[in-house]
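Remarks on the structure that follows.
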There are 2 protein chains.
Amino acid sequence: MAAPENYVGLDVGGTTMKAAVVTGAGVPLSKPVVMDTNPERGQEEGLETMCETIRRAVAAAGLTLADIAAIGVATPGLMDIKAGLILDPPNLKPWKNVPVRDHVAQAFGKPTAYQNDANAAAYGEFWVGAASDARSMVLFTLGTGVGGGIIIDDRIIEGEHSHGGELGHLRIAMPDTGRQCGCGARGCLEAYGSATNVVRRAREDMACWRGPASKLRNYYTANDEDFTAKVIFQHAAEGDELALKVVDDTAYYLALGACAVIATVDPQVIVFGGGMVAAGEWFRSKIDNYVKRFGLPFPTKSVKITFASLGSDAGFIGAAGCARLLARGK
Amino acid sequence: MAAPENYVGLDVGGTTMKAAVVTGAGVPLSKPVVMDTNPERGQEEGLETMCETIRRAVAAAGLTLADIAAIGVATPGLMDIKAGLILDPPNLKPWKNVPVRDHVAQAFGKPTAYQNDANAAAYGEFWVGAASDARSMVLFTLGTGVGGGIIIDDRIIEGEHSHGGELGHLRIAMPDTGRQCGCGARGCLEAYGSATNVVRRAREDMACWRGPASKLRNYYTANDEDFTAKVIFQHAAEGDELALKVVDDTAYYLALGACAVIATVDPQVIVFGGGMVAAGEWFRSKIDNYVKRFGLPFPTKSVKITFASLGSDAGFIGAAGCARLLARGK
């Protein structure tokens, strides 16, 4: 009898973790099971929560463990992918040197793949999402920070030190003039393109705005605490010129990041994922135009700039995809 | 009987082309045969010169075609690596759409690999040169321009549009403030780190130099036409402060390029090749220090920054290495 073609994908974040069973064709068999991560309760409990989330995902799919070929787990960095270890991630404090892969493998007696969460999301989009017809792709995830993942010929570029695709810390400006990044360095893409920094730039632009009257500025004055990237994009969509400047600059900065991956790995498709993609086609085409203007002419003629299609499911679907690669001996 | 483990590597440049037979262990069996490329005589003659260079290389090794398992040819871009075509390279004018791979394969009846010249040089250093003990490496070649190549797990990152590893056009400064590059864009690494631009920056620094008396400035005044990157590096080695500033800036810019490849592919080893590496360890350690200062902390702790070891042989050795990969079905 052929081995079962079902894989559990588990995506561990700082706040929650999610898991679902995914078929060999990349189809989740249920909505994801979501549990709180509660990192502050310690890593022993964290590992047990991971196992429980996996168990519930199998049950939610109406299956038993015998139906599962392999398990994939994705976590945020710092990590040692080859060793299967969480090292010291800022949003899973106080966890340190957590043997995630071996723990899960032993708990279930299944082959277990381990991957960085942004790499897993990239693999999900590559496998069955926005880049499912591509040979190579790069994902930029736009959230509180900027993450990334690079897939070439069905392989994840993990990097020698598990830092492959750390695209938020790709520098787009020189250290002496670049914006300060949360990582301590200056000029990182994240210091320009994350939701946090879109808001920060909007506040700065507002302070020296000399253009026409701006509803965004009025909104900000009344709702300082609720001033988000989403609000800025909404005002831009309505034609507010100040908001449009902020969004246009954002597209420019993201395009510079895209140009850098074109000059290094020259992918077939570049995918942007995360909250900002809700802005839609007008924002995508702005990025696309800047890529064509500032990127290497030959590859930028053909590279496809697109938005992610799996949303927040990309992580667990991709983790399941990694399990499938493992089961196939890749 | 086992297939012969000998490969011809041919490296085609704008001025000359070189070839030699290389064993399966990466050892050239003779000095390379060198012939003039004479691109102005047209591509038909160019293809015939390639074949003649290959024939002479086989003879120089004291072998016959029966001893050759496969052939590898490297050329400068623009090219279509998968199709085996030279497209429209600026330094092979007026050649256009030259079917290099199929022509050579048919002329000799041998499996023929085709690769970008900088990628081939990178593969040479990966296979038997400065990175022969590494799983992944990135090469920066410093010459009139800046080239590059990326190798991960014995595979060349060719890119979807044959532009993988175009590291000279990785941008290290924003387009509005960056230096003008020969490619038309601004801020490219090449506009800072190529030999041509080291000289250009030295002239600029000289014009506004307010430091101590500089022998480099005296030399320049007397020898404007013979003012080269080599002269600048020699003066720096002798302690000239103006020259030291130019070299130090060069190390800084190259390090920014290295930081970008760390944030994308996170290689085990970064190799610098080309004329400037003659400067030696003091220059290497300057680059290394800037990488540690400006790169992602975790991978830069371990990444190895080193100089190329195969010199100008890297191209044909790497091309032979590509032939070996092809013969092994990789």
Side-chain angles (χ1 to χ4, degrees), chain A residues 77-79 87-88 134-138 148 150 152-153 155 157-175 177-178 183-189 252-253 256 259-269 290 293-304, chain B residues 77-79 87-88 134-138 148 150 152-153 155 157-175 177-178 183-189 252-253 256 259-269 290 293-304:
Chain A
L78 289 177
M79 65 204 304
L87 293 179
D88 186 15
R135 280 176 297 269
S136 56
M137 67 89 83
V138 173
I150 304 173
I152 301 176
D153 290 334
R155 292 158 54 98
I157 305 298
E158 295 178 354
E160 179 63 25
H161 318 92
S162 305
H163 272 60
E166 278 294 327
L167 305 178
H169 303 290
L170 189 56
R171 192 173 272 117
I172 59 166
M174 284 212 172
T177 53
C183 76
R186 298 179 75 102
C188 299
L189 174 58
Y252 168 66
Y253 298 132
L256 293 182
C259 292
V261 298
I262 288 171
T264 47
V265 301
D266 177 20
Q268 190 175 6
V269 179
Y290 279 121
R293 183 159 155 206
F294 292 109
L296 279 163
F298 189 81
T300 53
K301 266 190 303 191
S302 318
V303 69
K304 188 176 158 194
Chain B
L78 290 177
M79 66 205 303
L87 293 179
D88 185 16
R135 280 177 296 270
S136 57
M137 66 89 84
V138 172
I150 303 173
I152 301 175
D153 290 335
R155 291 159 57 98
I157 305 299
E158 296 178 352
E160 178 63 24
H161 318 92
S162 304
H163 272 61
E166 279 294 326
L167 305 179
H169 303 289
L170 188 56
R171 192 172 272 118
I172 60 167
M174 284 211 170
T177 54
C183 76
R186 299 180 75 103
C188 300
L189 175 59
Y252 168 67
Y253 297 133
L256 293 183
C259 291
V261 298
I262 289 170
T264 48
V265 300
D266 177 20
Q268 190 175 7
V269 180
Y290 279 122
R293 185 159 153 205
F294 292 110
L296 280 163
F298 189 81
T300 53
K301 267 191 303 192
S302 317
V303 69
K304 188 176 158 193

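Everything quoted here is computed from the prediction, not taken from an experiment. So you know, we letter chains A, B, ... as the sequences are listed, proteins then strands, and number each from 1.
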Determine the minimum heavy-atom distance between [X] and [Y], stating which atoms define it.
X      : Y      : result
B:D266 : A:H163 : OD2-N, 2.7 Å
B:V265 : A:V265 : CG1-CG1, 3.7 Å
A:M174 : B:I172 : CG-O, 3.2 Å

Below 4.5 Å from any heavy atom of chain B, which atoms of [X] appear? Answer side chain, backbone, both or neither.
X      : value
A:A185 : neither
A:L78  : side chain
A:T177 : neither
A:I262 : backbone

Quiz item: Does the side chain of B:L296 come within less than 4.5 Å of A:C183's, by heavy atoms?
Solution: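 No - every pair of side-chain heavy atoms lies 4.5 Å or more apart.
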Exercise. Not counting sequence neighbours, which residues clear side-chain contact (heavy atoms from CB on, under 4.5 Å) with A:S136? List them please.
Key: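 For A:S136 the side-chain contact (heavy atoms from CB on, under 4.5 Å) partners, ignoring immediate neighbours, are A:I152, A:P267, A:Q268, B:E160.
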Quiz item: Can you tell which of A:I157, A:V261, A:V138, A:L87 has the highest number of heavy-atom pairs within less than 4.5 Å of chain B?
Solution: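 So the answer, after comparing A:I157, A:V261, A:V138, A:L87, is A:I157.
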Exercise. Considering only heavy atoms and a distance below 4.5 Å, find which of A:E158, A:R186, A:H169 pairs most often with chain B.
Key: A:H169
Quiz item: Who passes salt bridge (charged side-chain N to carboxylate O under 4.0 Å, His left out) against B:R155, sequence neighbours left out?
Solution: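 Once residues adjacent in sequence are excluded, the partners of B:R155 under the salt bridge (charged side-chain N to carboxylate O under 4.0 Å, His left out) criterion are A:D153.
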Practice problem: Measure the CZ-CD distance between A:F298 and B:E166 for me, rounded to the nearest 0.5 Å. | Solution: 11.0 Å
Quiz prompt | Toward chain A, the part of B:L170 with a non-hydrogen atom under 4.5 Å | solution =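 Backbone plus side chain of B:L170, per the 4.5 Å heavy-atom cut-off to chain A.
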Exercise. Name the option with the most non-hydrogen atom pairs under 4.5 Å to chain A; the candidates are B:C259, B:C188, B:P175, B:G164.
Key: B:P175
